[in-house]
Number of protein chains: 2
Amino acid sequence: MKQPSTIKDVAKLAQCGVATVSRVLNSTGPASAETKERVLDAVEKLKFEFSEVGRSLQSSTTRTIGCVIPSLANPVYADAVQGVQETFHEAGYQTLLVCTNYKRNVETKAIRTLMSKQVDGFVLTVSDALSSQGLRSIQSREIPHCLLFNRAPSDAQSWAVDDYSAALRVVDEFVSMGHIHLGFLALKFKTSDRARQRYKGFIEGCFTNKLERPALLEIAEDTENLDVLLANFLKENPSITGIFASNDILALATIRSLRAIQLRVPKDVSVVGFDGIHVGEMVEPSLATIATEPRMLGQGAAQTVLSFINDLPLPEQPELSLSFSFRNGGSLAPRIAENLGDDDVIAF
Amino acid sequence: MKQPSTIKDVAKLAQCGVATVSRVLNSTGPASAETKERVLDAVEKLKFEFSEVGRSLQSSTTRTIGCVIPSLANPVYADAVQGVQETFHEAGYQTLLVCTNYKRNVETKAIRTLMSKQVDGFVLTVSDALSSQGLRSIQSREIPHCLLFNRAPSDAQSWAVDDYSAALRVVDEFVSMGHIHLGFLALKFKTSDRARQRYKGFIEGCFTNKLERPALLEIAEDTENLDVLLANFLKENPSITGIFASNDILALATIRSLRAIQLRVPKDVSVVGFDGIHVGEMVEPSLATIATEPRMLGQGAAQTVLSFINDLPLPEQPELSLSFSFRNGGSLAPRIAENLGDDDVIAF
DNA sequence: GCGTAAGATGGAAACGTTTCCACTTGGAGT
DNA sequence: ACTCCAAGTGGAAACGTTTCCATCTTACGC
């Protein structure tokens, strides 16, 4: 690899000191017209560009941000990262991205590495905001940071969806459609405080509405045979007419599997997802879901970090209660009447 | 922000020289047992971590890779980046990500910035591999790099799909189903050499099969009313029974719009997509498409760059002809017979 | 008991910047 | 003619590492 030229080469060629070159190029001090020209010529000739490494060492600032998220396979995070990246890019910062694949140890190690790279700030979605090693070390070094999707512990900023309330809302929607027996499908339960919040809200909502405690089907990350799992689940809980999936991808897969085992959606079983990914609107039946705005959240988190860095007032956040909305869709329909008698007996 | 401690602080606390600290911590030279212990204690006490910036300056290596892609909104790129990132991460490299949003000037500027940050290598999907400013400057500095999705100009490495042949294949599939009048729907035509290759192949395939030149509907990035556009398009080209969309998202949107204007898929119009995104298999009807493996491509491109860096033989690439496969789906069905007479008249 | 090699160790240079400081120059004000 | 100031300039230190080299000890073999 060819060695790029340094400020010294420029100085030599322009017959002046390095200080002068620095001043000219950064317009940070006086310089005679001729000198300026000689420097500029030399820069041109050598195709000189400043080395950010040297600069960083001297200024102890890298114009680089660390972004840590679970995975890009989930469009929610992909969208959010897009927002993070574009906001920082506009502000002249580059984004160092790490996907943890929901692994805690990767998360903490990645954060350490990024810290030693001296990132100027962090935007992160951690596995569990309350217990995150990495988050703690960021805080103890007082590096500007903002959580994304995680609800913040008291001392941190965060842009997140109110998972708990959203799940309550989902129960309400099910109830308003006459559903009484509900199921919850979860992925990555162990490694996502978001999924747990949704479940918690869902249980609470069922309780408030005097429904039975919803049945839980937890799905391993590498599950291939959702059809079978789902068939068994419904055999064990035959009265279920509504399923809440902890994210949209899972919801779509669920619908597919329900079809595969000869159940009609929404006629036999209604399905509601979470996230509001775009394709949910394109499929037939369209997916009823909690709609969120991952990209906007990403932008917000990035803005928050920028505000910390530049010592500006933090950007205004939308009300937490507005962090989601229910989007109706064809996958949710009123419960058919024929079972009414039975269900009521079980429900009380 | 608290200042992290430096190697000098450690040296002072351990009562030895910085050289010794460096040697101990990197196990790069001898040291007495007691000294080692004192150093390790000091490190512990100060929570010392090396500053990668200082290291980079000295070693002129940053363990950082630049990754430039159009957008994360398209799951194809998101998947690919996932592959890139994980491969580099395993090798101890971090990934600096930039999304260009298909803008050429962002692309070239981003590449320049990344170069001044002294990235050790590049993985990139450029707008047009033959004319990319940024790519040229990377090459002239002889920085290890590998293209992704772009077919490489002779002097570069790349992991890509054979868009042209894939499009030929799509025509064959349409033809084998009896379709004679085809349409092509393209997004981002101006800013993606991939989309253009697909169109070129599609035209060529039609020619080879003695079909009429396919009608082209080019769609702006911000189009909201695909329904209307599509209705007009089909009014102008009423004999079309098969539509090839230049990517899966667009294909799904197309199916939705066709439904909205009262056309049945695949009964009235068949649709084939491109990319093979996962949700395509979950919807009803499932999406016929060209299946690709973006994540694997990303891993491959990353491996290629790593091989350049470490001076190893390049990883073996799958045959270009195996870079895609046709995945059948419910969105493609035989042309209904009723129009046969008409079409044949027009076709010859 | 002496020479010598190997083991420990620290000083200092180098990597590419920025910035402080000190030095020249020339022109304006007295 | 003298002082003073501003503009223009370059040397050098500092940022945090690694590594070369020189120095000093120690133990070993004769």
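Quick note on labels: first sequence line is chain A, next is B, and so on, each numbered from 1.
Residue A:Q15 is classed as a sugar-phosphate contact, given heavy-atom separations below 4.0 Å to backbone atoms only. Within the 4.0 angstrom heavy-atom criterion, no nucleotide atom of any strand lies near B:S56. When heavy atoms are screened at a 4.0 angstrom cut-off, B:A19 is found touching base atoms of the nucleic acid. Nucleic acid contact for B:S59: none, since no nucleic acid atom lies under 4.0 Å from a heavy atom of the residue. Contact annotation for B:G17: backbone-only contact, meaning every heavy-atom pair under 4.0 Å involves sugar-phosphate atoms and none involves a base. Note on A:E49: only backbone sugar-phosphate atoms sit closer than 4.0 angstrom, heavy atoms only; bases stay farther off.
A cation-pi contact, defined as under 6.0 Å to the ring centre and within 45° of the axis, links B:R63 to B:Y93.
Distance A:R23 CZ to D:dA6 C1': 14 Å, rounded to the nearest Å. Distance A:K12 NZ to D:dG11 P: 12 Å, rounded to the nearest Å. Spacing between atom CD of A:Q58 and atom P of D:dT17 amounts to 16 Å, rounded to whole angstrom units. As rounded to whole Å, 14 Å separates atom C1' of C:dG11 from atom CD1 of B:I7. Between the NZ atom of B:K117 and the C1' atom of C:dT17 there is a distance of 15 Å, rounded to whole Å. When rounded to the nearest whole Å, the span between CG of A:L57 and P of C:dC15 equals 14 Å. Between A:R55 atom CZ and C:dT18 atom P the separation is 5 Å, expressed in whole Å. Counting to the nearest Å, the C1' atom of D:dG16 and the CD atom of A:Q118 are 9 Å from each other.
At the phosphate of C:dT18, neither OP1 nor OP2 sits under 4.0 Å from any side-chain N or O atom of A:T28. Phosphate contact (OP1/OP2 of C:dT18, side-chain N/O of A:S22, threshold under 4.0 Å): present. At D:dG10, one or more side-chain N or O atoms of A:T20 fall inside 4.0 Å of OP1 or OP2 (strictly under the cut-off).
Closest to the A:F50 side chain, of the nucleotides C:dT18, C:dG10, C:dT9, is C:dT18. The side chain of B:V18 lies closest to D:dT18, out of C:dA8, D:dT18, C:dG10.
Annotation: side chain of A:L97 is in contact with side chain of A:C67 (closest heavy-atom distance under 4.5 Å).
At a threshold of 4.0 Å, the pair B:R55-B:E52 counts as salt-bridged, since one of the basic side-chain nitrogens sits closer than that to a carboxylate oxygen. Between A:D193 and A:R151 there is no salt bridge, since no side-chain N of the basic residue sits under 4.0 Å from a carboxylate O of the acidic one.
More than 12 heavy atoms of other residues, nucleotides or ligands shown are found within 6.0 angstrom of CD on A:Q139.
Mapping B:G54 and B:C16 onto DNA chain C by nearest heavy atom places B:C16 at the nucleotide closer to the 5' end.
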